[in-house]
Amino acid sequence: MSRRKLIIAIDGPAGAGKSSAAKSLAGKLGYLTLDSGSLYRAIAWSVIQGKVDHTRPLEVESTCEKLRIKLCLEGESTEVWVDEVNVTSHLRLPEVTEVSSTISAYPGIRHQLLSIQRAIGNQGGVVIEGRDIGTVVFPEAEMKFYLDASVRVRALRRYHDLRLKGVETDIETTTKNIEDRDAKDRQREFAPLRRGEDAVVIDSTRLKLDEVIDRMYCVVMELIARREKIETPSGEHSPGV
Ligand code: DC
């Protein structure tokens, strides 16, 4: 008998709305959410704290090897602890965003984070969002989405988020940051951002968040219905999704 609860992967570029979509979808399904970017951000935070030169892969990788990273997932939230310090509230700082974008290209860092992500996802019942979840971390995930939107719309969303958080910025700078991060995510050698052939593509450029979630939820429920039909052909009642 196969595992009942699904692994749902949501990949896509920065600002496409993956985080909000993952949280809402997980909430509707009673699943956990893992924001995998928070792991790269936690390492970036530690690198900044330790005054390590983030442009030197070997130094960053050896710093990362010594860190004890712990994730606490509860409902929609991903809490990250590094060496017994809850670093969650520091992870969205602009300098952390910048450094995480650079260090996420380092193969040793990606390798070290694989086991943490797999340990959580292997239990099923989780929506994981990132850049390489459906292609590298969980190629066997039963449900994969690729969430995209135009650069202009993603930059506008990011700009409004930052302003709400009191960060002084302008639309040109935000657009440039998004484009730079896109280039790094897509052009890196290891686990680059790409649209997997088996992923359901949703372009959210002209969609509201609710519409994105409705589409995802419908696709997931169709899959669950198909699986239940295959697994319980006699029409017996099967346990939850
Ligand atoms: O999704 P985010 O902006 O919080 O991610 C932070 C950085 O981590 C981002 O620059 C891309 C990188 N990342 C990655 O390379 N692979 C993932 N699965 C998730 C994030």
Side-chain angles (χ1 to χ4, degrees), residues 7-23 33-48 54-55 57 60-61 64 69 71 73 76-80 82 87-121 126-139 141 144-149 151 154-155 157-159 161-162 165 167 169 174-196 199 204:
I7 297 174
I8 301 178
I10 305 181
D11 289 309
K18 301 184 300 293
S19 241
S20 312
K23 285 179 188 168
T33 317
L34 170 57
D35 157 15
S36 65
S38 65
L39 292 168
Y40 295 91
R41 288 173 179 270
I43 293 169
W45 180 82
S46 306
V47 161
I48 295 167
H54 71 273
T55 62
V60 174
E61 286 169 7
C64 179
I69 301 175
L71 280 174
L73 305 189
E76 295 184 348
S77 79
T78 302
E79 259 191 13
V80 191
V82 178
V87 299
T88 317
S89 62
H90 308 297
L91 300 185
R92 299 276 143 194
L93 296 171
E95 63 267 35
V96 172
T97 302
E98 171 78 30
V99 172
S100 68
S101 175
T102 303
I103 60 119
S104 61
Y106 302 159
I109 298 295
R110 304 202 71 84
H111 183 73
Q112 287 180 51
L113 293 181
L114 269 182
S115 54
I116 302 181
Q117 297 172 80
R118 287 185 177 152
I120 288 170
V126 62
V127 183
I128 310 184
E129 57 100 353
R131 306 290 190 285
D132 61 340
I133 305 303
T135 50
V136 174
V137 183
F138 286 108
K144 299 177 187 177
F145 290 103
Y146 187 88
L147 187 56
D148 208 348
V151 171
R154 290 188 284 125
R157 287 179 191 155
R158 213 14 84 84
Y159 170 76
D161 283 353
L162 289 169
K165 286 181 188 142
V167 177
T169 185
T174 318
T175 306
K176 170 96 180 52
N177 288 345
I178 289 264
E179 285 171 343
D180 287 350
R181 291 178 68 200
D182 279 0
K184 284 189 195 162
D185 285 340
R186 292 194 169 115
Q187 288 163 17
R188 68 176 169 236
E189 192 180 349
F190 301 95
L193 169 66
R194 66 179 181 83
R195 208 168 63 187
S204 74

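This structure is a prediction, so every number in the text was calculated from the model and none was measured. Indexing begins at 1, ligand by ligand and atom by atom, following the structure's order.
- A salt bridge links Asp182 to Arg154: at least one charged side-chain nitrogen sits closer than 4.0 Å to a carboxylate oxygen.
- Side-chain atoms of Asp185 never come within 3.5 Å of backbone atoms of Leu193 as a donor-acceptor pair (strictly under, hydrogens ignored).
- Checked by atom type, the side-chain pair Tyr106/Arg188 shows no donor-acceptor distance below 3.5 Å.
- Counting protein heavy atoms only, atom 11 (C) of ligand 1 is closest to Asp185 OD1, 3.4 Å.
- In this structure, the side chain of Lys184 does not engage the main chain of Ser101 through any donor-acceptor pair within 3.5 Å.
- In this structure, Lys176 pairs ionically with Asp180, as a charged nitrogen and a carboxylate oxygen lie closer than 4.0 Å.
- Using modelled atom types, one finds no donor on one side chain facing an acceptor on the other under 3.5 Å when comparing Ser20 with Arg157.
- Taking a 4.0 Å cut-off on heavy atoms, Ser100 registers as neighbouring ligand 1.
- Arg131 NH1, 2.9 Å is the protein heavy atom nearest to atom 1 (O) of ligand 1.
- Protein heavy atom closest to atom 10 (O) of ligand 1, with residue, atom name and distance, is Ser101 CA, 3.3 Å.
- At the top of the distance list for atom 20 (C) of ligand 1, counting protein heavy atoms only, stands Gly37 CA, 3.5 Å.
- When hydrogens are left out, the protein atom nearest atom 3 (O) of ligand 1 is Arg181 NH2, 2.4 Å; that is the closest non-hydrogen contact.
- Residue Gln112 places its CD atom among more than 12 non-hydrogen atoms of other residues, nucleotides or ligands, all under 6.0 Å distant.
- At a heavy-atom distance under 4.0 Å, no atom of Glu98 approaches ligand 1.
- Heavy-atom separations between Arg188 and ligand 1 include at least one value shorter than 4.0 Å.
- Considering only residues two or more places apart in sequence or on other chains, Arg195 meets the salt bridge (Lys or Arg N to Asp or Glu O under 4.0 Å) condition with none of them.
- Atom 16 (N) of ligand 1 has its closest protein heavy atom at Arg110 NH2, 3.0 Å.
- Using modelled atom types and a 3.5 Å distance limit, the side chains of Arg92 and Thr97 yield no donor-acceptor pair.
- Taking atom 4 (O) of ligand 1 as the reference point, the nearest protein heavy-atom neighbour is Arg41 NE, 2.7 Å.
- At least one heavy atom of Arg92 sits less than 4.0 Å from an atom of ligand 1.
- Atom 19 (C) of ligand 1 has as its closest protein heavy atom Ser36 OG, 3.3 Å.
- The distance criterion of under 3.5 Å between nitrogen or oxygen atoms is not met by Gln117 with respect to ligand 1.
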